[in-house]
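First up is the structure itself, then whatever we jot down about it.
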Amino acid sequence: MGSRVLGEAISSIRDWAVTEAKEPRIPRPAEAFGSLVFSDEVQQTRLPKPVYHALRRTMTHGEPLDMSVADAVASAMKEWAVEHGATHYTHWFQPLTGITAEKHDSFLSPTSDGKAVLEFSGKELVRGEPDASSFPSGGMRSTFEARGYTAWDPTSPPWLLRSGHETTLVIPTAFVSWTGEALDKKTPLLRSMEALSKQAVRVLKLFGSTAERVVTTCGPEQEYFLIDQYFYLSRPDLINAGRTLFGAKPPKGQELEDQYFGAIPDRVMAFMSEVETELYKVGVPVKTRHNEVAPSQYEIAPVFENANVATDHQMMMMETLKRSAPKFGLACLLHEKPFAGVNGSGKHLNWSMSDDAGNNLLGPGANTHDNIQFLVFCTAVIRAVNRWQGLLRASIASAGNDHRLGANEAPPAILSIFLGDMLTDIFEQIEKGGAKSTKDGGMLDTGVLVLPKLPRDAGDRNRTSPFAFTGNKFEFRAVSSNQSIGYPNIVLNLAVTESIDYIATELEKAVKGGKTLDQAVALLLPKVIKENKQIIFNGNGYSKEWEKEAAKRGLLNLKNTVDALPQLVTKDAITLFETYKILNERELHARYEIMVETYNKTVNVEGQLMVLMANRYILPAAFEYQKDVAQSVAAVKSAGGKSVEGKKMLNGLTKLVDEFKRRTDKLAKTLEHEGASAEKHAKHFRDVVVPAMSALRETGDQLEVVIPHETWPLATYREMLFIK
C-alpha cells in the first residue's frame, strides 16, 4: 500500500509540473481586486444618488432601510450579477456549525404566457427563509420549529462566487430564528461592535473628538498545511477528523529550523498565487505569504478591515484554500494540530479600534507617555483581558485547540498580556503617579557600513504571549486555525466595551465634579492599573515557572475545553452579555451547549476512527508482518539454524501486537458511555477516552517503525510532510 500511494503522489507532482509548464499563470492583482464585488464604486455607478446615499446612511449610521430603497438596490445588484453571468443568488450565513451555509435560488421567474423573466426584489434581497431546525441551536429551535430568517447585512458587500461554469450572487446575511434569537455568529458580532462604538464615542467626546462612530478592526493571520492529495486520500483520519490519529515521528521534523521563511516550493507557490487571485477578485486584501515553522506549513495574512467584513473574508479565505488545493493535486489542512510532534496552526487575531475618521485608537504616537487618549484606551484593554480572561479563554476552546495550546509553538492556556519594555515602564510610572519613560527603541546599528541604521521598536516581540501588544494593535495569538474569528471578536469587543463603559463613567463623574480631564485621568488610571497589573507578563509563557507565578497572581489556568466552557455561563458572564444586549441568557446557554456537544462529537468521532483504523488497517498489517517473521524464524529452524535475534524480534513484535489489540479493545469499551448529561460525557471523554486514545497511538506508532514500508497501509509523516 505504502509504495503504491507514494508512487501516485510522485506521479501527481510530475503531472502538475507538465501542466504548469504549458499554462503559466500571470495574476494581475490591481486589475483583479474587487472585480467580482458589488462594491461602493459599483454602487455609485449603478444606483440613483438618493438610493446610494440612503444605503450609505444605513451602512454607516445604522438607519433603517426603506423597502423602496431595497427594491432599487436589488434591481441594480441583479443586473450587475447577470451581466457577470450569474443565474442564482444565495443568502450566505454563518450558523453555529463553525462553517458557512448557503441555499441557492434562481433569478428565473415564470410568467403567465409560458415564458420567464429574471427578477430579484428588495424583499428577496433583505430576507431569506432557510430551515432553522436543521442547524445547531442549543435547544432554541426544535425539529418541528423550522422557521428561521436570513437578514441582509449591508455593511458587508455582496460578491460573485464562480464555481465551475456557474456564477452565483452571494449576499452576506445574519441568521435568526422566528422568535428573533441569534442562530449565528454575525448577529452578536454586529451587536458587539455597536455596543463598543457607543461606549468608545463617550470617551472620545471627553477628549474633544467629533467622532460619531468607532469600529473594531481585524487582520487575522491564517496558518495551514498543504500535503499531496494522494497522501490525504490514503488517511481516513485526515479525511474524517482533519488530523492524524496515528503517525510515528519522522527522522527529520522541524528541528533544523530550515522551513521557516524558506524558499516556497513551485507547486505551493502556484497554489498560493491561485488563492490570492481568487481572493483579490472578491475583495479580500491578502498581503503576506510565507513558509511557516513546520514542514509543509504555510501562512496567508490580509491587511486590517472592519471586524465584521474581516470575519466574512476570513471564512471566504478558508473556503478558497480548501477549494483551490485539489487543482494542484494538494489537500489543505486547517486543523489546529494535524501532525503530532511539529507545530500546530493558529489564526493570530490582530485587533484594534478606529474612529470614523480612520484614527487608530491604539496607536501610541511618537510621545507615548504624553498620549493620554491612547493610554486610556490601552488601559481599558488591559482591564478587559484581566477581568474577562475566562471568557476570552472559552472563546477559543475546542477539542482541536486542546492539542495545540501550551505546546512548544503555541501560547499557553493562561491568558496574559505582553506590553514590551517601554509600555510596561510607562504603566509602572503611571501607577506611581507619573507617565514618563526613559525607554525607547532608538536606532539599531548592524555594524555593517553599507547597511542603513534601522529604527528599532520600543519593545521586542513575545511569541509565547497569548495576547500581545505589537506596535498599534493587540494580537490574540491563542485563536485556532480552524475556527471562525467570530467568537473571539465578540468576546473581545464585549470585554473591552464593559471596560470602556467603566472608564467613561468614572471620567464623566470626575469632570462633572470639577476636575479637568487630565486630573480625572491621573486619578483613575493608577487605580485601574494597580487592580489589573497581574495580567501583564513579558517573560517566557512556556516555562513551568510562569505557570506557578500565574497561580500566585490568581490568573486562571483552564487547560482544556471542558474546563474552559463553563466560563460562558457564569452569572457574571450572563449579566455582561445581557447588559450590552449581545446575547440573552437563552442564546448564551445555547452556545455553551453546542460547544460542549461539538467537543463530545469530535472526540467520539476520533475515538471511533482510531478503533476502525486499528482493526481494518494497522492490525492486518501487523499480523501479516508477524506471520512473515514467524515463517522466517521457522525456516531457519527447519534448516538446522538458530535464529536467536529472530526469536527475540518475533517475541517483541508479538507482545507489541497483543498490546495494540488490548488497547484497541479498551478504547472501544471507553466509547460505550451512555445515559449521562452532555457535561458528564465531556468529562468522560477528557478523562478516559482521550488518555485511551493517546495510549493506543503510542503503541500504533511503535508498530509503524518496525513494519516494512510496503506492508504499512498508511502514508507516513516522512512522506506527507516532505514530498511536495
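Everything numeric in this text was worked out from a predicted model, so none of it was measured.
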- request: May I ask you to establish whether R383 and Y502 are in a cation-pi arrangement, using a distance under 6.0 Å from NZ or CZ to the six-membered ring centre and at most 45° from the ring axis?
  value: yes

Those residues that, when tested against R289, pass salt bridge (Lys or Arg N to Asp or Glu O under 4.0 Å) (two or more places apart): E276

- request: Using the six-membered ring wherever Trp is involved, compare the ring planes of F107 and F120 and label them parallel, tilted or perpendicular (cut-offs 30° and 60°).
  value: perpendicular

query: Does H84 have any ring-ring contact (aromatic ring centres under 6.0 Å, His included) partners at least two apart in sequence or in another chain, and if so, which?
result: W80

S156-N308 side chain donor-acceptor pair, cut-off 3.5 Å: no

- request: Can you label the angle between the W159 ring and the W92 ring as parallel, tilted or perpendicular, going by 30° and 60°?
  value: perpendicular

field: Donor on one side chain, acceptor on other, Q314 and K347, under 3.5 Å
entry: yes

field: By salt bridge (Lys or Arg N to Asp or Glu O under 4.0 Å) - contacts of E41 (at least two apart)
entry: none

- request: Give the C-alpha distance, both sets of side-chain angles, the deciding distance and a yes or no for side-chain contact (heavy atoms from CB on, under 4.5 Å) between T217 and V215.
  value: CA-CA 6 Å; T217 56; V215 296; 4.1 Å; yes

- prompt: Does D71 pair with K123 as a salt bridge, N-O distance under 4.0 Å?
  reply: no

task: Report the residues that fulfil ring-ring contact (aromatic ring centres under 6.0 Å, His included) with Y580, sequence neighbours left out, ordered by chain and then residue number.
output: none

query: If you measure only the distance, is there a donor-acceptor pair under 3.5 Å linking the side chains of R202 and T505?
result: yes

- prompt: Looking at CG of L125 and CE of M67, how far apart are the two atoms once the value is rounded to the nearest 0.5 Å?
  reply: 8.5 Å

message: List the residues meeting salt bridge (Lys or Arg N to Asp or Glu O under 4.0 Å) with K281, not counting sequence neighbours, and say none if there are none.
response: E278

message: Which label fits F474 and F469: parallel for a plane angle under 30°, tilted from 30 to 60°, or perpendicular past 60°?
response: perpendicular

field: Set of residues satisfying salt bridge (Lys or Arg N to Asp or Glu O under 4.0 Å) with respect to E299, sequence neighbours excluded
entry: none

